[in-house]
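Order of listing sets the numbers, starting from 1, for every ligand and every atom in it. Computed from a predicted model, the values in this text were never measured in an experiment.
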Amino acid sequence: MFRKNNSACLLLRFRITTATAAASILGMLVVCAICTNHAQAQQSFVANEDESKVPKYELPPLFDGQLAESGDFAGGWSLRRKQLLELFAEQMYGTQPTGEFKVTCKKFEEGPSVGGKARRQQWRVTISRGANSLQVALLVFTPASATEPVPTFLGLNFNGNHTVAADPEIEITSAWCRDNASIGVVDHRASEQGRGTSQGRWPVELIVDAGFGVATAYYGELDPDFDDGFENGVHALFPEHRTSAELQNSWGSIAGWAWGLSRLLDGMEQDVNVVDAHRVVVIGHSRLGKTSLWAGATDTRFAAVISNDSGCGGAALSRRAFGETVGRINTSFPHWFCGNFKRYNLNEGELPIDQHQLISLMAPRPVYVASASEDLWADPRGEFLSAKIASTVYQRLGSSGLQLAEFPAPQTASVGVVSYHLREGKHDINAWDWQNYLKFAHQIVN
Ligand code: GTR
């Protein structure tokens with residue numbers, strides 16, 4: 001009996017050892033493959049900007065034939081949506097933590113702005129977990145004439161709240177900023193010189209004149225945008241959820257910023273009573289457009305979603321490999337996505353998902369995908385196609401899809417439940433973009 005047990009034990013140990021060895025060899029092979037792909041992606045990357053060189057590709061389906069035929073599309077779609085959301089979290093953006101946390105919100109400043117047209121409020125949003133906490137300044141402008149809470153745009157900014165408007169009362173962030181002498185950032189510290197330098201991207205007057213509010217926070221206060229092994233920002237609140245050799249599906253920075261947008265929405269819901277938290281449009285440009293899409297997908301409290309020039313990892317189809325590619329983005333910004341996403345460097349065809357499915361996760365809420373004609377790095381056509389293809393889900397849910405049949409000429413905007421525009425010009429967000437976003441946002445007002 002003893003012997004038998006002993007040999008069973010030995011056998012078990014042998015099996016475990018063999019399994020462990022096999023797993024580590026497999027692990028090493030996977031790591032090697034990732035490294036090789038990584039190295040290849042790094043070596044002399046030349047972006048394809050020639051439509052005729054886009055590889056042949058087949059997109060993963062929005063839903064299967066069974067759901068298409070079923071009499072209960074909405075019911076089936078909610079299950080399929082959950083499945084897609086999980087795939088995006090597992091394979092691309094990384095899962096968000098499940099641990100408990102607390103959000104509190106305290107107003108620290110208020111006054112008139114924009115020549116008296118706007119009311120400015122500054123709130124300190126504190127996200128805490130046990131003894132640790134993180135503070136983010138939320139800047140809110142609402143029309144001075146508003147007598148009730150207003151529908152509001154919420155988006156993160158790149159360089160600090162003080163860059164959003166030339167308003168001397170706006171607090172200058174003390175968080176880490178990317179060095180940029182032209183806006184007064186030296187030794188990673190922002191300064192007075194940056195005040196108002198991003199105002200072209202935040203036309204506060206236009207927005208409040210249209211009866212909307214606009215709220216923003218500096219993305220670096222949620223998570224500094226450099227590869228720090230997820231030691232700081234929101235990641236530091238959940239050390240058990242940090243990316244490690246075992247945890248390759250854990251949240252990257254884009255997921256961190258998106259999670260932060262949800263916490264700002266928590267704060268707005270709880271305390272910021274000048275805004276209507278049921279009518280918040282989440283918006284973002286470029287990497288922050290990728291972020292607004294992931295925020296809109298993971299948090300259906302956002303009433304509508306706008307992605308401006310979000311490109312690779314945002315609205316653009318990864319399989320087209322046009323402009324910035326998966327390999328390139330993972331090499332330049334290894335902290336943006338989860339570890340698993342690196343498996344798809346130079347290997348987009350193996351992705352179980354693609355970005356048209358991300359757009360479909362907004363349905364039936366209004367979604368706006370926008371591109372700029374000279375922003376080939378972000379693949380305008382790939383962004384358009386995502387919105388166009390995702391429209392099927394909107395239609396099946398009884399709403400309407402994108403009204404444009406073909407990729408349009410520059411300066412064309414099609415504004416509806418699924419909206420798309422191609423602005424003439426470069427990678428940026430400007431007043432023309434916002435004029436269309438305001439038209440779009442009117443549909444959530446009534
Ligand atoms: C680029 C990056 C893009 C885009 C952009 C931005 O360097 O390749 O994916 O996100 O930055 O955020 O401005």
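- Contacts of Ile329 with ligand 1, taken as heavy-atom pairs under 4.0 Å, involve the side chain alone.
- Residue Trp336 touches ligand 1 through its side chain alone, judged by heavy-atom distances below 4.0 Å.
- Ring planes of Phe238 and Trp259: perpendicular class, angle over 60° (limits at 30 and 60°).
- Proximity of Lys290 to ligand 1 is established by a heavy-atom distance of less than 4.0 Å.
- Protein heavy atom nearest atom 7 (O) of ligand 1, with residue, atom name and distance: Phe333 CZ, 3.4 Å.
- Of the candidates Arg328, Arg287, His427, Glu324, the one placing a heavy atom closest to atom 8 (O) of ligand 1 is Glu324.
- Under 4.0 Å is where a charged nitrogen must lie from a carboxylate oxygen, and between Arg242 and Glu231 at least one such pair does.
- Judged purely by distance below 3.5 Å, without hydrogens or angles, the side chains of Tyr437 and Ser419 never pair a donor atom with an acceptor atom.
- In this model, a donor atom of one side chain and an acceptor atom of the other lie less than 3.5 Å apart for Ser253 and Asp223.
- Near Ser286, the atoms of ligand 1 lying under 4.0 angstrom from a non-hydrogen atom of the residue are 4 (C), 5 (C), 6 (C), 10 (O), 12 (O), 13 (O).
- Closest non-hydrogen pair, Tyr420 versus Ser371, comes out as OH-OG, 2.7 Å.
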